[in-house]
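Inspection log for the structure reproduced underneath, given as structure tokens.
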Amino acid sequence: MYRTETLTETLPLAELTRRFRNPEKFIVYCRECGRYGHCWACPPYEFDPSEVLAGYTVAWIAGIRIIPDEALRNRLATPEEATEAGREMLARVRAAIDPQLLAIERKHPGSRAFFAGTCFACPEGTCTRHKGIPCRHPDRVRPSLEAFGFDIGAISSELLHNELKWSRDGQLPEYFTLVSALFCAESGDTGTFTLTAQNPIP
């Protein structure tokens, strides 16, 4: 069905912020999304993300490149089938890497994970935020880098040397990329961090 490649980079958080963070620009895109104010992982927050970031010094960036099999790309007959296949691949990889990020976070007190994209802790449309009810899974919810104002496209291309690809004309792209991160208070052993996106049985 697909194969994956993992791309990583470590750099000072101050450099990542200086080069790639523009919260005023990216909050505009967040406001246009239906999850804005309706998902506990998304803005607006009851805290200042800049103050949260001030507690970290090192950023470990992990990109998972998801490469669909050529046979799969040729087999999809309609845009709807391509969309569904893309969603399934992204969901499977997220299901593999998100728990690993949380496990790394637990092993390194003072670190904070950032997931690639929206929250999957609850079925779509069932987040309690729009009802004013506390999150059901605060231990499993993490924001994305873009939710904190980071430019994922530039991070992927300039740090991971990987241009983001998107579906076009109802066809799957050559590959998808999920960009996650872990911010740490100290450099420690970030060089040993790894993520494994388990490949499914076709």
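- With hydrogens and angles ignored, the 3.5 Å screen pairs a side-chain donor or acceptor of Thr83 with a backbone N or O of Pro79.
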Requested in this report: Please report the C-alpha distance between Ser50 and Arg21 in whole Å, then the side-chain angles of each, then the deciding distance to 0.1 Å, and finally whether the side-chain hydrogen bond (donor to acceptor under 3.5 Å, both in side chains) criterion is met.
Outcome: CA-CA 10 Å; Ser50 295; Arg21 188 168 186 249; 3.0 Å; yes
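- When hydrophobic clusters are built by joining Ile, Leu, Val, Met, Phe, Trp and Tyr residues whose side-chain heavy atoms come closer than 4.5 Å, directly or via intermediates, Leu160 is not grouped with Leu182.
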Would you be so kind as to tabulate the donor-acceptor pairs closer than 3.5 Å made by side chains of residues 51-60, with sequence neighbours excluded?
from: Thr57; atom 1: OG1; to: Ala185; atom 2: O; distance (Å): 2.6

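- Grouping the Ile, Leu, Val, Met, Phe, Trp and Tyr side chains by contacts below 4.5 angstrom, directly or via other members, places Val141 apart from Leu102.
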List the atom pairs, with distances to 0.1 Å, where a side-chain N or O of residues 36-44 and a protein N or O form a donor-acceptor pair under 3.5 Å, not counting sequence neighbours.
from: Trp40; atom 1: NE1; to: Thr128; atom 2: OG1; distance (Å): 3.1
from: Trp40; atom 1: NE1; to: Ile133; atom 2: O; distance (Å): 3.3

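- At a threshold of 4.5 Å between side-chain heavy atoms, the hydrophobic network of Ile, Leu, Val, Met, Phe, Trp and Tyr places Ile61 and Leu7 in one connected group.
- Under the ring pair (Phe, Tyr, Trp, His ring centres under 6.0 Å) criterion, the residue pairs touching residues 61-110 are His108-Phe193, with sequence neighbours excluded.
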Please list every donor-acceptor pair under 3.5 Å in which a side-chain atom of residues 143-156 meets a protein atom from a residue at least two apart or in another chain.
from: Ser144; atom 1: OG; to: Ala147; atom 2: N; distance (Å): 3.1
from: Asp151; atom 1: OD1; to: Gly153; atom 2: N; distance (Å): 3.2
from: Asp151; atom 1: OD1; to: Ala154; atom 2: N; distance (Å): 3.1
from: Ser156; atom 1: OG; to: Asn162; atom 2: O; distance (Å): 2.6
from: Ser156; atom 1: OG; to: Asn162; atom 2: ND2; distance (Å): 3.0

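- A salt bridge links Glu5 to Arg3: one of the charged nitrogens lies within less than 4.0 Å of a carboxylate oxygen.
- Residues in residues 61-98 take part in no ring pair (Phe, Tyr, Trp, His ring centres under 6.0 Å) pair, two or more places apart or across chains.
- Applying the 6.0 Å contact sphere to CZ of Phe47 captures more than 12 heavy atoms from other residues, nucleotides or ligands.
- Put simply, the side chain of Thr4 does not reach to within 4.5 Å of the side chain of Ile67, judged on heavy atoms.
- Side-chain atoms of Gln100 come within 3.5 Å of backbone N or O of Thr196 as a donor-acceptor pair.
- Residues Glu158 and Arg19 are paired through a salt bridge, judged by an N-O separation under 4.0 Å between the basic side chain and the carboxylate.
- In terms of hydrophobic clustering, with Ile, Leu, Val, Met, Phe, Trp and Tyr side chains grouped at heavy-atom distances under 4.5 Å, Phe183 and Phe26 are assigned to different clusters.
- Under the 3.5 Å distance criterion, the side-chain polar atoms of Thr17 are left unmatched by any main-chain donor or acceptor of Ala14.
- Looking at Thr177, Val93, Val179 one by one, the single match for side-chain contact (heavy atoms from CB on, under 4.5 Å) with Ile64 turns out to be Val93.
- Both Tyr2 and Leu195 are part of a single hydrophobic cluster, where members link through side-chain heavy atoms under 4.5 Å apart.
- With hydrogens and angles disregarded, a donor-acceptor distance shorter than 3.5 Å links the side chain of Arg94 to the backbone of Thr118.
- Applying the ring pair (Phe, Tyr, Trp, His ring centres under 6.0 Å) test to pairs two or more places apart or on separate chains, none has a residue in residues 62-91.
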